[in-house]
Amino acid sequence: MNTKYIFVTGGVSSSLGKGIFCASLGCLLEAHGLRVSIQKLDPYINVDPGTMNPYEHGEVFVTHDGAETDLDLGHYERFLGHKTSQANNVTTGRVYREVIEKERSGEYLGKTVQVVPHIIDEIKAWIVRLAETQPLDVIISEIGGTVGDIESLPYLEAIRQLRYELGSINAQVAHLTLVPYLAAAGELKTKPTQHSVKTLLSYGLQPDLLVCRSEHPLDQELREKIARFCNVETRAVIEAADARSIYEVPLQLSQQGVQKLILEQLRIPPQRITPEPDLTQWTQFVNRLNAPEEHVRIALVGKYVTHQDAYKSITESFVLAGAKLSVHVDVHYVESGDLTERNYEDILSGVNGILVAPGFGHRGIEGKISTARFARVNQIPFFGICLGLQCAIIAFARDCCGLEGAHSTEFDEHSPWPIIDLMEEQKTISSKGGTMRLGVYDCQITEHSRAHSIYGDTLVSERHRHRFEVNNSIKHHLEEHGLVFSGINPESGLVEIAELPSHPWYIGVQFHPEYRSTVGYPHPLFTSFVSAAVNLKNGR
C-alpha cells in the first residue's frame with residue numbers, strides 16, 4: 001500500500017489543540033494495526049526552537065537523534081509510543097536554509113530562485129522524506145499557525161500541490177476550527193467556522209473532515225448547518241469538546257467514528273487493518289487516571305512556571321507515572337526567582353516531593369540552589385533534572401564539603417571552586433543554535449546504587465540538552481563527603497547521575513528523562529520519585 005497522507009490545518013484561533021488531535025488520530029489509526037508517524041510543519045523562520053525563550057514557544061522537545069523540536073512532538077511520542085526524529089519537524093528556517101545552500105552550490109543551474117517553485121518544492125520534499133526513513137502506512141502532517149496567516153501560505157500551497165499529485169484517495173485534509181458559544185445570545189455560532197473554511201477554499205483546499213472545538217455539544221441541526229455551508233458530509237463534522245484530560249480525546253474521537261471515516265476516505269484495504277481498534281490498554285489507562293487512590297503534592301521549581309507549556313514533558317511525565325501508580329500528582333509551580341533565604345522554607349513546606357527543573361541563565365539560580373538544600377536537609381524526595389542536578393551539587397559542595405564560593409562557571413566565571421564547568425568541546429563554539437550536547441548518550445550505572453535498583457540495568461541511553469557538566473577534576477571532593485556518582489558516560493567519563501545514599505530519595509540527572517515517558521510506560525525515575533513522595537506522605 002502506498003503511504004497515505006493526512007494534512008491537519010487550523011482556523012479561527014490558535015491553541016485549539018491540533019497537536020493533540022494529530023496525536024489522538026495517530027493513536028486510533030495505530031490501534032487498527034497501521035504504521036503511523038506524525039510531523040509538524042512550523043512556519044517560523046527560526047531553524048528550530050532551540051534558541052527560543054520558553055515563554056515564546058513552550059518547551060523544546062529533543063528527539064533521540066538530537067533534533068531540537070516543537071513540543072507537539074512530545075505529544076506524538078507519548079501517544080504513539082515510538083520515537084520521532086529530525087524528519088518529523090520542519091520549519092521555514094530549515095526550508096529556506098536548504099534552498100539557499102542549494103543555490104550557492106549551483107544546484108538550480110542558474111535559475112532565478114523563487115518561492116514558487118523552489119520553496120514549495122522543498123516543503124513537499126520534506127513532507128514525503130519522512131516516508132523514506134521508515135515503512136509507513138499513514139503520515140499525519142500538522143501545519144502550524146492558523147489559516148490566513150501570511151507565514152503559513154507556502155505550506156498550504158505545498159499540500160494543495162501534493163494532494164493534486166497524489167490524488168484525493170491518498171491525501172486528505174482535516175481542518176480544526178472553533179464553534180464559540182456566545183452567552184449573551186445563548187447559542188453556538190458557526191459563522192467563524194464558515195469563514196475559516198472559506199479562507200481555506202480560497203487557497204484551493206477543500207477539507208474532508210471538520211473538527212469543531214466547542215465548550216458545548218453540537219446537536220444534529222448544527223452539524224447539518226456546518227456541513228451544508230462548508231461542503232462536507234454531516235458525519236464528517238466532528239465534535240471536539242473539552243475533556244478532563246488530553247488522554248480522553250482518542251476515546252472521544254473513536255466514539256464518533258473519526259478513524260473509520262478516514263480509513264474509508266483514504267480507501268485503505270480492509271485486509272490491511274483490524275476491523276475494530278484495540279483500545280483496551282488505553283481505556284484502562286484513562287480509568288486509572290480518573291480514579292486515583294492517592295494524592296501527593298510535588299513542587300516544580302523553575303524559571304518559566306507561569307507558562308503552562310514550558311515544562312510540558314515533565315508535567316505529563318507526572319501524569320503518566322501517577323496513572324501507573326493510581327496516584328494524582330498535584331504539581332505546585334514555584335517561580336525560582338521568587339525564592340530567597342528568608343522565604344523558601346515557607347513556600348516549600350507541605351510538599352511531598354520537590355523537582356528542580358532544567359533551564360539556562362542566572363535568574364533564579366540561587367532559589368534553585370536553596371531548594372536543593374531544603375530538600376536535602378529536610379529529607380524530602382528530590383529530583384534534579386539537568387540544571388537541577390547542577391544546583392544540587394553546588395549546594396552540597398558549599399554545605400557539606402566546605403567549598404565556599406562553589407558555583408557553576410555559567411554564573412560565576414571566577415568561582416574558586418568551579419564545580420560545574422563548560423564542556424571542553426564547547427569552549428570554542430560561539431554559535432548558539434544546535435550546538436549543545438544533544439540527543440542520546442549511554443549511561444553506565446553502578447551496581448547496587450539506587451539508580452540501578454530503579455532501572456534494573458547497568459547500561460541505559462538517555463537524551464541530553466546542555467553545555468555545562470560536573471567538573472571531573474573536583475568531583476572527588478564531593479565523593480569524599482558521601483555524594484555518589486552512580487551514572488557515568490562510558491566514553492567521556494562525564495557524570496550522568498548523582499545520588500545521596502543517606503537520603504530517602506535524592507537523585508539528580510544530567511539528561512532529560514521526561515522525553516522518554518509514554519502512555520503506559522512512564523520513565524522509571526518519575527515512577528520511583530512519585531512512589532517516594534507517596535511514602536513520605538504516608539510516613540513510610
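Being a predicted model, the structure only gives us computed values, none of them experimental.
- Summarising the geometry of Ser152 relative to Gly144, their closest heavy-atom pair is OG-O, 3.2 Å, with the distance given to 0.1 Å.
- Considering Lys368, Lys303, Arg363 as possible partners of Glu335, the one that fulfils the salt bridge (charged side-chain N to carboxylate O under 4.0 Å, His left out) test is Arg363.
- Ring planes of His448 and His452: perpendicular class, angle over 60° (limits at 30 and 60°).
- Checked against a 6.0 Å centroid threshold, the rings of His523 and Tyr455 count as neighbours.
- Aromatic ring centroids of His307 and Tyr304 lie 6.0 Å or more apart.
- In this model, no donor atom of one side chain and acceptor atom of the other lie less than 3.5 Å apart for Glu514 and Ser317.
- Not a single donor-acceptor pair under 3.5 Å links the side chain of Asp330 to the backbone N or O of Val296.
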What's the verdict on side chain to side chain contact (heavy atoms under 4.5 Å, CB included) for Leu71 and Val60, showing C-alpha distance, side-chain angles and the deciding distance?
CA-CA 6 Å; Leu71 63 85; Val60 175; over 6 Å; no
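- Under a 3.5 Å cut-off, the side chain of Glu499 and the backbone N or O of Arg450 do form a donor-acceptor pair.
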Applying salt bridge (charged side-chain N to carboxylate O under 4.0 Å, His left out) to Asp242 and Arg213, what does each step give before you reach the verdict?
CA-CA 8 Å; Asp242 293 345; Arg213 284 297 309 273; 2.5 Å; yes
Using the rule given for side chain to side chain donor-acceptor pair (under 3.5 Å), can you reason through Glu462 versus Gln510, listing the C-alpha separation, both sets of side-chain angles and the distance that settles it, and then say yes or no?
CA-CA 9 Å; Glu462 296 285 0; Gln510 186 59 72; over 6 Å; no
Show, in sequence, the C-alpha distance, side-chain angles and deciding distance for His82 and Glu77, and conclude whether the side chain to side chain contact (heavy atoms under 4.5 Å, CB included) test is met.
CA-CA 6 Å; His82 51 73; Glu77 288 204 10; over 6 Å; no
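- Crowding of Lys83 atom NZ: a count of heavy atoms from other residues, nucleotides or ligands under 6.0 Å not exceeding 12.
- Within a 6.0 Å sphere centred on CD of Glu56, other residues, nucleotides and ligands contribute 12 heavy atoms or fewer.
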Between Leu325 and Ser531, does the side chain to side chain contact (heavy atoms under 4.5 Å, CB included) criterion hold? Intermediate values first, please.
CA-CA 8 Å; Leu325 299 169; Ser531 180; 4.2 Å; yes
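- In this structure, a donor-acceptor pair under 3.5 Å is present between the side chains of Glu294 and Asn538.
- With hydrogens and angles disregarded, no donor-acceptor distance shorter than 3.5 Å links the side chain of Arg94 to the backbone of Val47.
- Judged by distance alone, with hydrogens and angles left aside, the side-chain atoms of Thr69 form no donor-acceptor pair with the main-chain N or O of Val62 at under 3.5 Å.
- With hydrogens and angles ignored, the 3.5 Å screen pairs no side-chain donor or acceptor of Asp137 with any backbone N or O of Thr3.
- For the pair Thr91 (side chain) and Asn46 (backbone), a donor-acceptor distance under 3.5 Å is present.
- Defined by atom type and a distance below 3.5 Å, a donor-acceptor pair is present between the side-chain atoms of Tyr247 and Glu316.
- A donor-acceptor pair shorter than 3.5 Å can be found between the side chains of Asp442 and Ser461.
- Phe529 is not listed as a side-chain neighbour of Ile507, based on a closest heavy-atom distance of 4.5 Å or more.
- Using a 4.5 Å heavy-atom cutoff, the side chains of Ile139 and Leu136 are in contact.
- Looking at Asp42, its side chain never comes within 3.5 Å of a backbone N or O of Tyr44 through a donor-acceptor pair.
- At a threshold of 4.5 Å between non-hydrogen side-chain atoms, the residues Ile354 and Phe383 do not count as touching.
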Between Arg244 and Glu248, is a salt bridge (charged side-chain N to carboxylate O under 4.0 Å, His left out) present by the stated rule, with each step listed?
CA-CA 7 Å; Arg244 286 180 295 179; Glu248 292 187 10; 3.1 Å; yes
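- When side chains are defined from C-beta on, Leu355 does not count as touching Val301, because their heavy atoms never get closer than 4.5 Å.
- Crowding of Gln281 atom CD: a count of heavy atoms from other residues, nucleotides or ligands under 6.0 Å not exceeding 12.
- Between His362 and Glu410, the side chains place no donor N or O within less than 3.5 Å of an acceptor N or O (distance only, hydrogens not considered).
- Of all heavy-atom pairs spanning Ile497 and Cys443, the tightest one is CD1-SG, 3.8 Å.
- Atoms CZ and CD1, on Phe396 and Ile393 in that order, are 9.5 Å from each other to the nearest 0.5 Å.
- In this structure, Val329 and Val319 have side chains that are not in contact, with every pair of non-hydrogen atoms separated by 4.5 Å or more.
- Between Tyr441 and Phe511, the ring center distance fails the sub-6.0 Å criterion.
- With hydrogens and angles left out, the side-chain atoms of Asn88 and Thr63 include no donor and acceptor closer than 3.5 Å.
- Nearest heavy atom pair, residue Leu483 against residue Phe485, reads CD2-CZ, 3.9 Å.
- Within the 4.5 Å cutoff, side-chain heavy atoms of Ile365 are placed close to those of Leu387.
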Let's go through Cys391 and Thr371 carefully: what are the C-alpha distance in whole Å and the side-chain angles of both, what is the deciding distance for side chain to side chain contact (heavy atoms under 4.5 Å, CB included) to 0.1 Å, and is it a yes or a no?
CA-CA 9 Å; Cys391 290; Thr371 298; over 6 Å; no
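- Shown here for Ser254 and Leu279, the closest heavy-atom pair between the two residues is OG-CD1, 3.7 Å.
- A donor-acceptor pair under 3.5 Å is absent between the side-chain atoms of Arg467 and the main chain of Leu422, judged by distance alone.
- No close placement of the Trp126 and Tyr155 rings is indicated, their centers lying 6.0 Å or farther apart.
- Within 6.0 Å of CG on Leu459 lie more than 12 heavy atoms contributed by other residues, nucleotides or ligands.
- Aromatic ring orientation, His512 versus Tyr515: parallel (interplanar angle below 30°, classes split at 30° and 60°).
- Put simply, CG on Asp70 and CG on Asp48 are 11.0 Å apart, with the number rounded to the nearest 0.5 Å.
- Between the side chain of Asn290 and the backbone N or O of Asn287 there is no donor-acceptor pair closer than 3.5 Å.
- Other residues, nucleotides and ligands contribute at most 12 non-hydrogen atoms within 6.0 Å of the CD atom of Glu413.
- Side-chain contact between Tyr311 and Leu300 is present, with heavy atoms from C-beta onward closer than 4.5 Å.
- Classification of the Tyr506-Phe382 ring pair by plane angle, with boundaries at 30° and 60°, yields parallel.
- The environment of OH in Tyr521 is sparse: at most 12 heavy-atom neighbours from other residues, nucleotides or ligands sit within 6.0 Å.
- Around CD of Glu479, the count of heavy atoms belonging to other residues, nucleotides or ligands within 6.0 Å exceeds 12.
- Contact annotation: the side chain of Arg437 approaches that of Ser492 to within less than 4.5 Å [non-hydrogen atoms, C-beta and beyond].
- With Ile6 as the partner, the side chain to side chain contact (heavy atoms under 4.5 Å, CB included) test is satisfied by one option alone out of Leu209, Leu29, Val173: Leu29.
- Listed by chain and number, the residues in a salt bridge (Lys or Arg N to Asp or Glu O under 4.0 Å) with Glu142 are Lys40 (sequence neighbours excluded).
- Closest non-hydrogen pair, Thr92 versus Pro43, comes out as OG1-O, 3.0 Å.
- A donor-acceptor pair is defined here as one N or O able to donate and one able to accept, closer than 3.5 Å; no such pair exists between the side chain of Ser141 and the backbone of Tyr5.
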